[in-house]
Amino acid sequence: MSTTNLDTAAADTTVLDGAALGHAARALGTRGLFRFATAGSVDDGKSTLVGRLLHDAKVVLADTLESLARTSAATGFGGGDGTLDLALLTDGLRAEREQGITIDVAYRYFSTGERSFVLADCPGHVQYTRNTVTGASTADAAIVLIDARKGVLEQTRRHLGVIGLLRVPNVIVAVNKIDLVDYDEARFADIAADVARVAAGLGLPAPHVLPVSALVGDNVVERSAHTGWYTGATLLGLLESLPTRDEADTAAEDFRFPVQLVLRPQGALAPCLDPEAFRDYRAYAGSIAAGSVSVGDPVTVASPGAPRRETTVIGIDAAGVSLDTATAPASVALRLAAELDIARGDTIAATGTLPESSADLHAQLCWLSPAPLLPGATVLVKHGTATLRAKVGSIAGVLDLEDFGLLPAASLELNDIGTVVLRLAGELPTEPYARHHRTGAFLVIDPQSGNTLAAGLVGERTSAA
Amino acid sequence: MSTTAPAPARPVPAAPGTPGSAHQIDVLDALEAESIHILREVVAEFERPAMLFSGGKDSVVMLHLATKAFWPGTVPFPLLHVDTGHNFEEVIAFRDETVEKLGLRLVVAGVQDYIDDGRLTERADGTRNPLQTTPLLDAIGENRFDVLFGGGRRDEDKARAKERILSLRDEFGQWDPRNQRPELWNLYNGRHTQGQHVRAFPISNWTELDIWRYIERENIALPPLYYAHQREVFEHSGMWRAVGEFSQPGPGVPVQARTVRYRTVGDMSCTGAVLSEADTTAKVIAEVATTTITERGATRADDRISEAAMEDRKKDGYF
């Protein structure tokens, strides 16, 4: 049992201690939510980097810092200033703290004057693909750590490969432990050149590469006096200024709206609403997966196994407020001109933009289950709001994370990224993940246990799968 | 009290190659859209949902989001309150008014009933929070709920930071943090087998400050405890505790009238007040934005039992 500093808790919390002031105050002026994920090999110092970021950005509150100092001292660190085990800020589970490792993705929240952040802190060991995919699937940016002494490793290539596959819009490579190579500019330049080569080979957008020391704090929040040769942004500076996925994507994308459920209240109307006014109310609830919609827009409805139908949007409702226009990722309800039979699993899209529906799904799967995938298996595919049975056809091969070629394979094993063809029980208007990250993603689910087996990324239909 | 003005932003070096932003999405709009998406997914895919509702600010915000998600329909599930028997009167009154106003069904699982008939034993330290697990799991079984919405936020506790938005529980209600399903994109997998159930946390990604800013934006009513008021309190274990039937000062501990408010409103036996003059939502936001103490650290004795108190309770089936 740990002790608690009782004096602190009883203190008048409205009296501010300037030195320990949590900078949540800045959140009042932030301009948006930015989600980022970390990826790094064991012992690259990833948890320490995250801890350093939180600590130096002064977003760790006083009681958490005290608890950190106590636990640091108890586990062999001094516990005083400068000798805190910053990794303890994120390793929250009993087993993680005991073993000094990160077992599962943890989500952390903090704000600066610029932005509010959601950090998915992903473990780097054993099940790296599973965890990196989980953390990076929603990320606006991913941070890959490299140990400055070791340079680009196989693990770095894997992380960059997965991040590239998931089309994370911003890639940050933190060359950590730069203090241990005496802040050597040439060493950093060599690693940055290696990273650029790997990224180019993977077709990634140019990564932001920066020299950091998580332990000492160089270029994490404060610019380092030891790296005068580095003129780019600090890690926090980058996180505060890079565009989010939605900011980058949405304006250019065509409108896509998977129908979650039909709102038809009839007898079960919310209190205080006029039953007459809502007698014939019918709207389709969902969140906008891509693009924007405005009242008056022509739309096409695609249902698995039914011909397409066209109509017009006559209303966009958000809990009693009528909108003229709405943009991803808003959750709204659409009213349509024609009385159509529309159900969960159908897609409403801007007319003339939706590809032909197909029962053949050419895709890449990140296999996340310990039991291998074999051709002929029956699985469930959850795409948008539609869940369909599917049969696994051929396995075209497994991605070689060394050189990103395709190796022949008879099955997919845990952490494999394989190219497969799935035969769906109905037709879906799927689109390549590379072009539409929200409508090109799907889950593969075990129909018996219900477990999630794979992350699916729709490929180009013309690809030789 | 400090000023409400945000600290001046530090100069941000321009990132090389940053494209101009097409549009910016407000934090509260993004969080609200995500929560409504989760509420609708769960209602569409489960047979018998229910929502944990205590009258506390997080469950009040979650219920408000549900009224939006299903508007103009009514909220399509009952509420479940696990009542420790040591709740603040104001909160119970608020709970009942809310249920009445929205025309919902409320299921109450009472810890007191379990103590009265011997199924549970009062703990030596008097705190009843850990005792909630048994009535909760029994209520889930008796009502055959297959999913329970909870107002847990990942910023509350390091164990909650690890939990998925849809979290599978086994037939004993247990959470296995080492064997969670991957949760990818906004595609939530709620499949479960007979006997298992799911806990769904639609406000996982909100912080205490987001909750308060949303309460102000949406003009959401809360129990009066959340705002500064005069109350008879005494100091206990470093917290200000209200004098009440279940919360009495020890010998020699003076009772004082102080101006306080609550950051959380759980069981009276383990929830402390903070000294505060914040009697409006705007003042509370300013206070929360500049506090140096975490929400649970300031006011919840049950989370101080050990470093992993929340994790241990959650493994047993707690929310």
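Letters go in sequence order (proteins before strands), and every chain restarts at 1.
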Between T74(B) and L269(A), is any pair of side-chain heavy atoms under 4.5 Å apart?
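T74(B) vs L269(A): side chains apart.
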
T387(A) vs R191(B), side chain to side chain contact (heavy atoms under 4.5 Å, CB included): CA-CA, chis, key distance, verdict
CA-CA 11 Å; T387(A) 303; R191(B) 299 235 154 209; 3.9 Å; yes

Which atom of [X] lies closest to which atom of [Y], heavy atoms considered:
X: Q260(A); Y: A44(B); value: O-CB, 3.8 Å
X: G450(A); Y: N189(B); value: O-ND2, 2.8 Å
X: L457(A); Y: W185(B); value: CD2-CZ2, 3.4 Å
X: A30(B); Y: L33(A); value: CB-CD2, 4.3 Å
X: A441(A); Y: L187(B); value: O-CD1, 3.8 Å
X: G103(B); Y: P271(A); value: N-CG, 4.2 Å

For chain A, which candidate among E41(B), K68(B), H192(B) shows the most heavy-atom pairs at distances under 4.5 Å?
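Option with the greatest count: E41(B).
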
Options P72(B), P182(B), P76(B), ranked by heavy-atom pairs under 4.5 Å with chain A, top entry:
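Ranked by heavy-atom pairs under 4.5 Å with chain A, first place is P72(B).
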
Name the region of [X], side chain, backbone, both or neither, that has any atom closer than 4.5 Å to a heavy atom of chain B.
X: L166(A); result: side chain
X: V332(A); result: backbone
X: L443(A); result: both
X: R264(A); result: neither
X: A268(A); result: both
X: Y281(A); result: side chain

Chain B interface, residue from A333(A), P265(A), A319(A) that has the most non-hydrogen pairs under 4.5 Å:
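The answer is A319(A).
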
Pairs of heavy atoms under 4.5 Å with chain B: top-ranked of L261(A), D446(A), T138(A):
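That would be L261(A).
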
Nearest 0.5 Å please: distance from the [atom1] atom of [X] over to the [atom2] atom of [Y].
X: S116(A); Y: D210(B); atom1: OG; atom2: CG; result: 6.0 Å
X: S111(A); Y: L209(B); atom1: OG; atom2: CG; result: 7.0 Å
X: L119(A); Y: R154(B); atom1: CG; atom2: CZ; result: 11.5 Å

Side chain, backbone, both or neither: which part of D29(B) has a non-hydrogen atom closer than 4.5 Å to chain A?
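No part of it gets close to chain A.
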
Could you tell me which portion of E45(B) (side chain, backbone, both or neither) has an atom closer than 4.5 angstrom to a non-hydrogen atom of chain A?
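For E45(B), the side chain is the part near chain A, not the backbone.
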
Can you confirm whether E218(B) is buried at CD, in the sense that more than 12 heavy atoms of other residues, nucleotides or ligands lie under 6.0 Å from that atom?
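More than 12 heavy atoms, drawn from other residues, nucleotides or ligands, come within 6.0 Å of this atom.
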
Assess whether side chain to side chain contact (heavy atoms under 4.5 Å, CB included) is satisfied between R181(B) and L368(A), documenting all intermediate values.
CA-CA 9 Å; R181(B) 283 179 182 162; L368(A) 308 171; over 6 Å; no

Which residue in the set T207(B), N205(B), D155(B) passes side-chain hydrogen bond (donor to acceptor under 3.5 Å, both in side chains) when paired with Y109(A)?
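Among T207(B), N205(B), D155(B), the one meeting side-chain hydrogen bond (donor to acceptor under 3.5 Å, both in side chains) with Y109(A) is N205(B).
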
